[in-house]
Amino acid sequence: MCEVALGEFLKEIKKNPSSVKFAEMANILVIHCQAADDLIQLTAMCWMREFIQLAGRVMLPYSSGILTAVLPCLSYDDRKKNIKEVANVCNQSLMKLVIPEDDEMDEAKPSMTIPAEPTSEESLSRPEAVTAGSLDASGDSSNSGVFTVTSCERIQVTLNLDGIVQVLDYHLSDTSIGMMTRIAVLKWLYHLYIKTPRKMFRHTDSLFPILLRTLSDESDEVILKDLELLAEIASSPAGQTEEGHGPSDGSDVRPGPVELHVPARPGQLSSSSTKGLECSPSTPTMNSYFYKFMINLLKRFSSERKLLEARGAFIIRQLCLLLNAENIFHSMADILLREEDLKFASTMVHTLNTILLTSSELFQLRNQLKDLKTPESRNLFCCLYRSWCHNPVTTVSLCFLTQNYKHAYDLIQKFGDLEVTVDFLTEVDKLVQLIECPIFTYLRLQLLDVKNNPYLIKALYGLLMLLPQSSAFQLLSHRLQCVPNPELMQTTDNSKPSTSFKRTAASNIDYTELLQHFEKVQNKHLEARHQRAGRAEQLDRRVVL
């Protein structure tokens with residue numbers, strides 16, 4: 001009988017919405033949408049769906065309570081399929097009510113016609129406390145009057161982002177929450193940053209650590225949504241123009257598991273690298289959160305090596321699609337240049353180099369580096385080179401990519417002074433495999449022009465001499481046997497200038513200084529290895545004693 005009576009009430013509400021006090025009943029529905037009984041929960045959720053669709057923006061002041069009730073339902077299994085479907089409609093309908101004009105409205109201005117939301121947002125973020133505090137809104141609205149569908153659109157409704165963000169934060173932080181709920185939370189945050197960026201950036205510092213932790217989620221779909229959100233934060237103009245909010249002050253260090261500040265040694269950045277980082281010739285300028293994001297992402301990879309191994313390439317490739325790849329590589333190379341953990345720096349450079357050489361997402365960036373025609377591309381090469389020096393083999397592969405064959409040969413000559421380990425030979429083996437891939441087709445074709453590319457052939461022979469007689473040795477040896485006799489390749493057309501001459505004239509890069517930098521970095525790595533070996537030896541002695 002109760003179910004029938006409620007059904008009749010709902011029919012009348014749908015027939016005569018102009019005479020309904022939607023706001024006064026909102027919190028009653030929020031309470032029952034969290035009921036333990038499935039039938040009561042489904043009934044309340046159906047009412048909530050109709051209220052949101054009929055009353056529209058009148059329901060916005062109750063968004064935090066509605067989200068508290070709706071979000072957990074999105075992760076229900078098939079046993080509660082009906083509740084899950086209705087909750088999904090409620091969630092989508094409520095999201096559509098947020099409009100760009102909400103970013104312009106003054107939050108401090110009280111609404112004269114819409115009853116106020118409960119003062120304690122924490123009561124709405126915890127289902128067990130909703131009953132005690134959520135009726136205040138309807139209790140204070142006895143003189144609020146009757147709402148009509150037509151008048152709702154004309155009433156200025158204030159969107160209380162503090163309450164909404166607190167609920168979203170709570171659900172994203174709870175590790176027991178289901179995957180679909182986490183995805184819905186990230187969609188909500190992304191939607192709010194799109195519709196109300198100015199107001200949302202006031203909450204970014206509190207959200208940032210949680211969004212970084214979410215990158216360790218087990219679900220690829222959650223990580224993708226998280227990266228979309230982080231990319232929006234890093235590229236939104238609102239994050240650049242907002243004064244007094246954000247990481248513009250380098251001394252603003254907040255407590256927590258992740259420090260949200262730019263390194264305290266900005267003076268070490270060269271003017272050229274800073275210029276390349278802040279402004280790309282092909283994309284709009286990134287905001288202050290972009291560099292902050294890159295710093296903390298690398299910190300995350302450093303502290304969670306399993307994340308780097310399992311998801312590192314996936315995360316960086318997706319970021320290259322969402323943001324500007326040149327800016328990402330430029331900033332990461334700049335940060336790694338000052339990395340104190342040399343072993344991590346070498347591993348990270350190897351990861352970035354593999355992505356650069358193999359990912360389809362970076363086709364444009366590879367073409368830019370291959371030609372080195374513009375000052376920006378040469379600046380990028382020099383920035384990458386200095387960090388790539390943490391890993392000798394990746395440095396040679398970067399020279400191959402940029403067609404700096406003479407410098408590659410000079411580097412390989414220096415390999416005789418390095419400590420040749422199994423890991424080192426493994427990386428040389430992988431480089432040989434890469435040379436046989438489509439990415440280096442142009443390099444293999446240049447072997448036909450023996451006269452203009454002597455250092456390319458010398459560099460490849462240098463790699464051959466480094467390798468033991470393995471499968472990689474046989475592969476490269478067979479390739480070099482295909483290099484034609486220069487006397488047979490002579491032509492009478494001398495009018496066309498050689499490629500090597502054009503590169504030397506156009507590049508304007510101080511390769512002597514780069515070579516010195518390479519030696520300096522490798523000496524640091526050698527000292528670090530000796531220190532690690534010494535510590536290991538001392539530990540062994542203690543164990544023996």
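The model shown is predicted, which means the values in this text are computed figures rather than measured ones.
A salt bridge links Asp205 with Lys292; the closest basic N to acidic carboxylate O contact falls under 4.0 Å. Salt bridge annotation for Lys414-Asp410: absent, with no cationic side-chain nitrogen under 4.0 angstrom from a carboxylate oxygen. Salt bridge annotation for Asp341-Lys343: absent, with no cationic side-chain nitrogen under 4.0 angstrom from a carboxylate oxygen. Using a cut-off of 4.0 Å between Lys/Arg side-chain N and Asp/Glu carboxylate O, Arg300 and Asp226 are scored as not salt-bridged.
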(request) Please lay out, stage by stage, how Ile177 and Leu172 fare under the test side-chain contact (heavy atoms from CB on, under 4.5 Å). (result) CA-CA 8 Å; Ile177 293 293; Leu172 194 60; over 6 Å; no
(request) Mind running ring pair (Phe, Tyr, Trp, His ring centres under 6.0 Å) on Phe344 and Phe301 for me, showing each step along the way? (result) CA-CA 9 Å; Phe344 167 70; Phe301 286 149; 7.7 Å; no
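Ser387 places no side-chain N or O within donor-acceptor distance of the main-chain N or O of Leu384, the cut-off being under 3.5 Å. Using modelled atom types, no side-chain atom of Ser64 and backbone atom of Ile164 make a donor-acceptor pair closer than 3.5 Å. No donor-acceptor distance shorter than 3.5 angstrom exists from the side chain of Gln403 to the backbone of Asp371, with no hydrogens or angles considered. Distance alone, capped at 3.5 Å, places no donor-acceptor pair between the Arg479 side chain and the Arg444 backbone.
Inspection of the Asn353 and Ser397 side chains reveals an N or O donor paired with an N or O acceptor under 3.5 Å.
Pairs passing the salt bridge (Lys or Arg N to Asp or Glu O under 4.0 Å) check and including a residue from residues 382-394, sequence neighbours excluded, read Arg386-Glu513. For residues 180-195, every residue pair satisfying the salt bridge (Lys or Arg N to Asp or Glu O under 4.0 Å) rule, not counting sequence neighbours, is listed here: Arg182-Asp217.
Judged by a 6.0 Å distance limit and a 45° cone about the ring axis, Lys406 is positioned over the six-membered ring of Tyr455.
To the nearest 0.5 angstrom, Leu411 atom CG is 9.0 Å from Leu514 atom CG.
The shortest non-hydrogen separation linking Leu94 to Ser63 is CD1-OG, 3.9 Å. Scanning both residues, Gln34 and Gln41, for their nearest heavy atoms gives CA-NE2, 4.5 Å. Listed here is the closest heavy atom pair of Lys84 and Leu74: CE-O, 3.2 Å. Annotation for Glu339 and Ala345: closest pair CG-CB, 3.9 Å, computed over non-hydrogen atoms.
Considering only residues two or more places apart in sequence or on other chains, Phe415 meets the ring pair (Phe, Tyr, Trp, His ring centres under 6.0 Å) condition with Phe424.
Contact check for His350 versus Trp388: no side-chain heavy atoms found under the 4.5 Å cut-off.
Aromatic pair Phe518/His407: ring centres not closer than 6.0 Å.
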